[in-house]
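Written out below as structure tokens is the structure these notes cover.
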Amino acid sequence: MKLIREIEELKKTTDTLIMAHTYQPPEIIELADVVGDSFALAKKAPYAAQKNILMCGVRFMAESVKILSPEKTVLLPAPEATCPMAEQIDPLRVRAYKKANPDAAVVAYINTTAALKAECDVCVTSSSALTIVGKLDAPEILFIPDKNLGGFVKAKFPDKNIVLWDGYCPIHNALTEEEVLAAKKAHPDALLAMHPECPADCVRHADLVGSTAEIIRFAKESEKPVIIGTERGVADTLIPACPDRTFYYLAKEKLICPDMKKITPELVRDTLLGKAGEALTLPEDLRLRAKKSIDAMLRLGE
Ligand code: 13P
Ligand code: SF4
């Protein structure tokens with residue numbers, strides 16, 4: 001309690017807003033001012049009254065905030081917390097691909113580094129990918145880095161020439177069809193909501209495939225119990241928040257993103273005190289090139 005009070009006080013004295021992704025541990029969700037999916041947080045940041053944003057999430061999420069809010073100081077409490085999928089591709093390989101395929105459109109999932117976004121034509125989120133790819137009429141579309149989200153999109157557009165990269169989220173991709181079927185068998189009355197980063201043989205059993213925000217909305221609105229098929233942070237937050245509802249974990253001990261769990265309340269306090277963390281910087285030309293793909297996403301995602 002003393003620590004929470006200290007953080008509350010420091011937020012005011014340092015003029016800082018705390019943002020947290022839904023995969024953060026419950027004790028971080030508790031002290032955050034704003035909680036959401038990665039893109040929702042980045043979109044809200046420019047409207048924050050505070051000068052500083054302390055981002056509880058992985059590095060690409062803090063980069064997205066900085067790309068859209070260059071005038072803010074963006075603090076990462078755990079600079080080593082990264083998304084392995086966001087870093088799976090060397091941006092120079094994408095540049096070489098574009099040179100060899102000048103008519104192709106390169107689509108980047110928002111889970112990519114700023115350096116990768118800078119090489120792409122348009123970003124997508126797990127909720128906007130279908131709308132945006134549906135609007136592209138390039139003869140070839142390269143989708144990076146997630147083969148599962150990319151494969152999900154490709155299956156919906158058999159007439160489009162969509163090329164996939166062999167990237168994946170090591171957490172969601174490790175889920176097996178057997179685990180999905182076992183959860184459905186254990187809870188036959190429940191619906192299943194899944195993140196599209198899971199393999200195709202898993203998501204084909206889902207009643208909803210969507211981003212973390214869409215999963216939360218679906219679960220809250222569903223009249224039936226729901227099995228939460230994404231990183232366990234979502235169920236960790238939903239279960240105590242809706243005591244009159246029934247939600248089940250899917251592979252509770254397996255769907256854990258270790259990078260998302262690196263931030264602790266102590267680290268948040270020390271970052272506010274200037275004793276830990278990193279103030280993120282992005283070269284301005286890189287930020288502007290990365291912003292172009294995000295702007296294209298906002299335009300096409302409507
Ligand atoms: P969302 O954009 O759906 O929040 O997902 C982020 C993420 O890291 C999924 O694994
Ligand atoms: Fe990256 Fe997967 Fe962790 Fe999401 S859950 S941050 S995609 S490693």
Side-chain angles (χ1 to χ4, degrees), residues 19-25 28-29 32 34-45 55-65 67-68 76 78-89 107-113 116-117 123-132 143-150 152-153 165-175 193-199 202-203 206 208-219 228-238 249-263 294 297-298 301:
M19 292 190 146
H21 186 266
T22 43
Y23 292 166
Q24 286 292 299
I28 297 295
I29 300 283
V34 188
V35 178
D37 66 15
S38 55
F39 186 52
L41 295 176
K43 266 201 307 195
K44 279 186 187 156
M55 179 67 207
C56 297
V58 291
R59 181 172 285 271
F60 87 82
M61 296 178 179
E63 285 186 345
S64 298
V65 169
I67 289 168
L68 294 180
L76 284 100
E80 73 285 9
T82 59
C83 167
M85 174 163 68
E87 319 224 335
Q88 263 164 357
I89 306 175
V107 177
Y109 185 24
I110 193 102
N111 289 40
T112 40
T113 58
L116 261 176
K117 288 184 178 78
C123 278
V124 296
T125 63
S126 42
S127 51
S128 66
L130 290 175
T131 308
I132 291 174
F143 192 102
I144 63 162
D146 188 7
K147 64 177 178 184
N148 291 326
L149 175 61
F152 177 71
V153 173
W165 205 283
D166 192 25
Y168 55 86
C169 159
I171 318 306
H172 288 87
N173 189 57
L175 198 67
M194 296 198 77
H195 202 283
E197 289 174 12
C198 297
C202 295
V203 297
L208 170 101
V209 183
S211 68
T212 51
E214 287 173 318
I215 291 173
I216 291 168
R217 199 177 320 122
F218 176 81
I228 306 297
T230 187
E231 209 274 351
R232 65 170 286 172
V234 171
D236 284 339
T237 308
L238 267 175
Y249 290 90
L250 175 55
K252 185 177 180 182
E253 301 311 325
K254 185 168 164 181
L255 278 174
I256 302 172
C257 175
D259 281 276
M260 279 288 185
K261 311 301 186 200
K262 284 183 176 161
I263 299 172
I294 295 186
M297 169 173 78
L298 294 171

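Read the numbers this way: they start at 1 and go in the same order the structure lists the ligands and their atoms. All residue numbers refer to positions in the sequence shown, counting from 1.
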Of all the heavy-atom pairs spanning L149 and A129, show the shortest one and how long it is.
CD1-CB, 4.4 Å
For atom 1 (P) of ligand 1, what's the nearest protein heavy-atom neighbour? Residue, atom name and distance, please.
T212 OG1, 3.6 Å
Is it true that atom OH of Y168 has more than 12 heavy atoms of other residues, nucleotides or ligands lying nearer than 6.0 Å?
no
Below 4.0 angstrom from a heavy atom of H172, which ligand 2 atoms are there? Numbered from 1 as shown, please.
5 (S)
Residue, atom name and distance, where the atom is the protein heavy atom closest to atom 8 (S) of ligand 2
P84 CD, 3.4 Å
From D236 CG over to I228 CD1, what is the distance, rounded to the nearest 0.5 angstrom?
11.0 Å
Distance under 4.0 Å to a non-hydrogen atom of S126: what atoms of ligand 1 satisfy this?
3 (O)
Atoms of ligand 2 under 4.0 Å from any heavy atom of M85, numbered from 1 in the order shown, are 7 (S)
Only heavy atoms of H172, strictly under 4.0 Å: list the atoms of ligand 1 that pass.
10 (O)
Going by the order shown, which atoms of ligand 2 are within less than 4.0 Å of some heavy atom of E197?
2 (Fe), 7 (S)
Using side chain to side chain contact (heavy atoms under 4.5 Å, CB included), reason through I67 and I294 one step at a time and then give a plain yes or no.
CA-CA 9 Å; I67 289 168; I294 295 186; 4.0 Å; yes
Name the closest protein heavy atom to atom 4 (Fe) of ligand 2, giving the residue it belongs to and the distance to 0.1 Å.
Y23 CE1, 3.8 Å
Using heavy atoms and a 4.0 Å limit, tell me yes or no: is D259 in contact with ligand 2?
no
Please lay out, stage by stage, how S38 and H21 fare under the test side chain to side chain donor-acceptor pair (under 3.5 Å).
CA-CA 6 Å; S38 55; H21 186 266; 5.0 Å; no
Is a side-chain donor-acceptor pair under 3.5 Å present for T230 with H172?
yes
At a 4.0 Å threshold, what atoms of ligand 1 neighbour a non-hydrogen atom of Y23?
7 (C), 8 (O), 9 (C), 10 (O)
Could you tell me the separation between the OG atom of S126 and the CD atom of E214, rounded to the nearest 0.5 Å?
6.5 Å
Atom 5 (O) of ligand 1: which protein heavy atom is closest, and how many Å away?
H195 NE2, 3.5 Å
Under 3.5 Å between any N/O of D37 and any N/O of ligand 1: does that happen in this structure?
no
How many angstroms lie between OG1 in T22 and CD in E231, if you round to the nearest 0.5 Å?
8.5 Å
What do you reckon, does S211 have a nitrogen or oxygen under 3.5 Å from a nitrogen or oxygen of ligand 1?
no
May I ask you to check whether C169 brings an N, O or S atom to under 2.8 Å from atom 2 (Fe) of ligand 2?
yes
Close approach of S38 to ligand 1, heavy atoms, under 4.0 angstrom
yes
May I ask you to identify, for E197, whether its side chain, its backbone, both or neither come under 4.0 Å of ligand 1 on a heavy-atom basis?
side chain
Indicate yes or no: does an N/O atom of N111 lie under 3.5 Å from an N/O atom of ligand 1?
yes
Examine all N, O or S atoms of C257, backbone included, and report whether one is under 2.8 Å from atom 3 (Fe) of ligand 2.
yes
Drop me the distance from L250's CG to R232's CZ, to the nearest 0.5 angstrom.
12.5 Å
Rounded to the nearest 0.5 Å, what's the gap from CE on M55 to CZ on F60? Could you check?
8.5 Å
So is H21 touching ligand 1 or not, going by heavy atoms under 4.0 Å?
yes
When you measure from the side chain of S128 to the backbone of V124, do you find a donor-acceptor pair of N or O atoms at a distance under 3.5 Å?
no
Atom 1 (Fe) of ligand 2: nearest protein contact (heavy atom, Å):
C83 SG, 2.3 Å
Taking all atoms of both residues into account, what is the closest heavy-atom pair of M260 and G57, and its distance?
SD-CA, 4.1 Å
